[in-house]
Structure formats: structure tokens, C-alpha cells
Amino acid sequence: MENCLFCKIANGEIPSNKLYEDDELLAFYDIDPQAPVHFLVIPKQHIGSCAEVDESNSALVAKAFELISKLAKELGIDSFRVVSNCGADAGQSVPHLHFHVMAGREFGWPAG
Ligand code: AMP
Ligand code: ZN
């Protein structure tokens with residue numbers, strides 16, 4: 001989608017610090033980390049947020065979670081938080097579905 005930051009990162013127009021890439025998914029480190037380990041997993045296909053997940057694209061979400069599990073093992077993090085902000089009031093600043101994966105510190109609950 002035109003003018004979408006994460007679509008531009010997905011197609012290489014904007015550089016990122018990549019952890020993993022295949023035809024469908026990209027994982028890259030967050031530019032403003034909120035924990036010692038903080039990376040994002042995105043589908044390359046533009047999906048606006050969790051609110052746009054449906055039967056046509058949910059397989060990508062399942063694959064994203066498989067990737068999160070694999071990367072966590074590879075990075076040696078066995079305790080981590082996965083967050084997807086959906087909508088401005090929930091803190092979403094980039095309107096392209098992404099999963100934050102954070103580790104390396106304690107996290108409070110409920111999330112702020
Ligand atoms: P959210 O606020 O939940 O939509 O998350 C968007 C995340 O994208 C924030 O944690 C930002 O720090 C991160 N971010 C914004 N621009 C970039 C970029 N160019 N490269 C990596 N992460 C970014
Ligand atoms: Zn996009």
C-alpha cells in the first residue's frame with residue numbers, strides 16, 4: 001500500500017535491521033526498543049491491523065506466530081511478551097499489522 005512505512009520496509013524501499021525474511025514475512029528490530037530485545041514481525045502483505053484479520057489472511061498470522069516461536073528459540077529468550085496494538089487508542093502508530101516481541105526485562109500487568 002502506498003505511503004505505508006512497513007510496506008516500504010517490506011519491499012526494501014526503506015532499510016531495516018532484519019532478523020528474518022521470506023516471501024511472506026519479515027522480522028526486524030524496532031528502531032526505538034522498549035526492552036533489551038525488541039523486534040517486530042510483519043506480514044509483507046498489507047493488513048491494517050488485527051481488526052482486518054479474516055479467513056483470507058489468517059494463515060499469515062499463524063505463520064507469524066510460528067516465526068516468533070522459532071526466533072525466540074534462536075535468540076535464547078524463553079520469557080517474552082508479544083503485543084499487537086490495534087487502533088490509535090491502543091497505541092498503534094503504524095497502520096500495518098505487526099507483532100512486537102519484547103524480552104530481557106520484567107513486564108508489568110495489566111499493560112499500560
Ligand atoms: P505501534 O506503535 O504499535 O504501531 O508500533 C510501531 C513500532 O514501529 C514502534 O515501536 C516504532 O518504534 C517502530 N518503528 C517505526 N519506524 C520504524 C523503522 N523505520 N524501523 C523499525 N521500527 C520502526
Ligand atoms: Zn503496509
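Start at 1 and go down the list; that is how both ligands and their atoms are numbered.
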For N57, side-chain hydrogen bond (donor to acceptor under 3.5 Å, both in side chains) partners two or more places apart: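 Once residues adjacent in sequence are excluded, N57 has no partner under the side-chain hydrogen bond (donor to acceptor under 3.5 Å, both in side chains) criterion.
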side-chain hydrogen bond (donor to acceptor under 3.5 Å, both in side chains) partners for E74, two or more places apart: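 Once residues adjacent in sequence are excluded, the partners of E74 under the side-chain hydrogen bond (donor to acceptor under 3.5 Å, both in side chains) criterion are K70.
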Do ligand 1 and [X] have nitrogen or oxygen atoms that lie under 3.5 Å from each other?
X: I14; result: no
X: G91; result: yes
X: V94; result: yes
X: Q92; result: no

Check ion pair E21-K18 (N to O, under 4.0 angstrom):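 Looking at E21 and K18, the cut-off is met.
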Record the part of [X] in heavy-atom contact with ligand 1 below 4.0 Å; permitted values are side chain, backbone, both and neither.
X: L40; value: side chain
X: L5; value: side chain
X: Y29; value: backbone
X: N17; value: neither
X: D30; value: both
X: Q34; value: neither

Chi angles and distances behind the side-chain contact (heavy atoms from CB on, under 4.5 Å) call for I42, F28: CA-CA 9 Å; I42 67 169; F28 56 101; 3.9 Å; yes
Nearest candidate to atom 6 (C) of ligand 1, where distance is taken over non-hydrogen atoms, out of H98, H38, K8: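 Selected option, by shortest heavy-atom distance: H98.
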With the Zn ion (ligand 2) as the apex, the ND1/SG angle for H46 and C4 - to 10°: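 The ND1/SG angle about the Zn ion (ligand 2) sits at 110°.
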Angle, SG of C7 through the Zn ion (ligand 2) to ND1 of H96 - 10° precision: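 Roughly 110°, rounded to 10°.
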Greater than 12 external heavy atoms within 6.0 Å of D22's CG: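 More than 12 within 6.0 Å, yes.
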Side-chain heavy-atom pair L40, F99 within 4.5 angstrom cut-off: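 L40 does not reach F99 side chain to side chain.
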